[in-house]
Amino acid sequence: MDITKCVIPAAGLGTRFLPFTKIIPKEMLPLLNKPAIQYIIEEGMQSALENFILITGKGKNAISDHFDNSFELESILRERNKIDLIAKIDSINKNAAFSYVRQSEPLGLGHAILLARHGIGKEYFGIFLPDDIIMGKTPAMSQLIRIARQEKSSVIAVQEVPMDCVSSYGIINVKKQITPNLFQVSNMVEKPSQKDAPSNLAVIGRYVLSHKIFPALTELSPYAVGELQLTDAISHMIYNNEKVFAYKVQGTRYDIGTPIGWLKATIGLSLQDPHYGPHLRKYLKDLETIDSFIYDTTKNIEHSI
Ligand code: UTP
């Protein structure tokens with residue numbers, strides 16, 4: 001089973017991050033020195049994906065500009081003999097193929113995915129929701145691809161969440177538990193109340209889906225009230241006798257769709273970084289002391305980075 005293509009829906013309005021997202025796409029939020037969307041593309045490349053179809057919308061041009069060549073900047077860096085910096089800015093666009101589809105109205109995640117159908121054809125393909133940054137030894141997408149090949153079926157990433165959080169997620173109903181981390185899905189419910197939730201296994205932002213998702217989305221589209229939901233189309237695909245599995249991916253997940261989630265991701269990634277980690281650890285320790293600037297505003301903070 002060849003899986004080389006993926007879809008990255010990035011046309012949402014990002015209302016939870018206003019006013020930042022009024023002009024700047026939230027996918028361009030920095031995590032250390034890289035925009036968040038670059039972590040997604042890097043995870044895709046590490047999972048042997050080659051074709052990236054981004055669904056964008058109004059005000060999202062910074063994303064395509066970021067993955068384009070920058071001849072002017074490159075030539076200035078070359079003149080100044082900063083060859084190592086050139087590698088930093090052009091390694092991605094030289095090794096991945098990008099295409100962009102514009103969603104003219106935010107009609108939902110399902111609608112955004114449906115727009116990619118011409119680029120996918122009759123293959124299995126990956127989906128990344130760029131709000132979810134997942135860090136771990138093995139890229140989350142490559143864990144899903146392994147399961148999709150093993151089961152010759154669609155597979156979605158899930159994570160156990162506390163019962164009082166289920167109403168923020170798509171929740172799976174388990175048909176059969178195959179291993180401690182692998183489940184066959186009987187259907188999915190979008191944002192159920194705690195009492196209606198069929199489990200505490202929440203869908204997170206990685207999928208490998210069969211192209212059969214496209215007819216399912218097309219069939220549901222006339223009935224969508226407001227947004228067309230991907231979750232409903234996956235349930236519809238199961239109803240039409242497609243097998244769908246859920247896999248508890250290994251790794252740390254950050255939801256950067258809100259300021260607090262982004263802050264946690266920034267701190268988490270910085271603490272793990274060999275360069276920034278020690279500086280940040282020292283800084284955080286200093287903050288805890290009684291003579292830190294929080295208590296003594298005249299104190300100079302050491303800026304050693
Ligand atoms: P969300 O439901 O998180 O919406 O979308 P959002 O607009 O990104 O953020 P908030 O809730 O307003 O703060 C989940 C994913 O689906 C994409 C988003 O870009 C995000 O990656 N999406 C959503 C689209 O591409 N198009 C849509 O019409 C809706």
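One is the number of the first residue; the rest follow in order along the sequence. We count ligands from 1, going down the list as the structure has it; atoms in each ligand are counted the same way. Note that the structure is predicted; figures quoted are calculated from it, not measured.
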Ion pair check, D84 and K88, cut-off under 4.0 Å: no

Please identify which atoms of ligand 1 are closer than 4.0 Å to at least one heavy atom of D131. 3 (O)

Tell me whether atom 2 (O) of ligand 1 lies less than 4.0 Å from at least one protein heavy-atom position. no

Would you call E151-K243 a salt bridge at under 4.0 Å N-O? no

I'd like to know if the side chain of D131 reaches the main chain of D255, judged simply by a donor and an acceptor atom lying under 3.5 Å from each other, with no hydrogens or angles considered. no

Verify whether one side chain among E42 and Q38 offers a donor that lies under 3.5 Å from an acceptor in the other. yes

Contact atoms of ligand 1, heavy-atom distance to Q103 under 4.0 Å: 24 (C), 25 (O), 26 (N), 27 (C), 28 (O)

Give the residue, atom name and distance (to 0.1 Å) of the protein heavy atom nearest atom 25 (O) of ligand 1. A11 N, 3.0 Å

Under a 4.0 Å heavy-atom limit, does L107 contact ligand 1 with its side chain, its backbone, both, or neither? backbone

Counting each atom of ligand 1 from 1 as listed, which ones have a heavy atom of P130 under 4.0 Å away? 21 (O)

Is the distance from the ring center of Y39 to that of F128 below 6.0 Å? no

Identify, by atom number and element, the atoms of ligand 1 in contact range of P106, meaning under 4.0 Å from any of its heavy atoms. 28 (O)

Hits for side-chain contact (heavy atoms from CB on, under 4.5 Å) against N187, two or more places apart or cross-chain, chain-then-number order -> N173, V189, S235

A112 and ligand 1 - part of the residue with a heavy-atom distance under 4.0 Å: side chain

Identity and distance of the protein heavy atom lying nearest atom 16 (O) of ligand 1: L109 CD1, 3.5 Å

Just to verify, which of I147, I156, I145 counts as forming a side chain to side chain contact (heavy atoms under 4.5 Å, CB included) with V208? I145

Nearest protein heavy atom with distance in Å, relative to atom 9 (O) of ligand 1: K26 NZ, 3.2 Å

Candidates G205, G110, P25, P9; heavy atom nearest atom 21 (O) of ligand 1 found on P9

Taking atom 7 (O) of ligand 1 as the reference point, the nearest protein heavy atom with its distance: L13 N, 2.7 Å

Could you see which bit of I55 sits under 4.0 Å from ligand 1, with heavy atoms only: side chain, backbone, both or neither? neither

Flag E105 as yes when one of its N or O atoms lies below 3.5 Å from any N or O atom of ligand 1, and as no otherwise. no

Over all heavy atoms of both residues, which pair between P130 and P9 is shortest? Give the atoms and the distance, please. CD-O, 3.2 Å

Would you mind running through ligand 1 and noting each atom that sits below 4.0 Å from a heavy atom of A10? 19 (O), 25 (O)

Which heavy atom of F17 sits nearest to which heavy atom of L29, and what is that distance? CE1-CD1, 3.6 Å

With a 4.0 Å cut-off on heavy atoms, is G257 in contact with ligand 1? no

Would you please name every residue forming a side-chain contact (heavy atoms from CB on, under 4.5 Å) with T138, sequence neighbours left out? S142, Q143

Residue, atom name and distance, where the atom is the protein heavy atom closest to atom 11 (O) of ligand 1: R16 NE, 3.1 Å

I need the nearest protein heavy-atom contact for atom 14 (C) of ligand 1: residue, atom name and distance, please. L129 CD1, 4.6 Å

R206 (side chain) donor-acceptor with M141 (main chain) under 3.5 angstrom: no

Which heavy atom of the protein is the closest neighbour of atom 24 (C) of ligand 1, given with residue, atom name and distance? G12 N, 3.5 Å

Please list the nearest protein heavy atom to atom 12 (O) of ligand 1 with its residue and the distance rounded to 0.1 Å. T15 OG1, 2.6 Å

Under 3.5 Å, side chain of W262 to main-chain N/O of P30, donor-acceptor pair present? yes

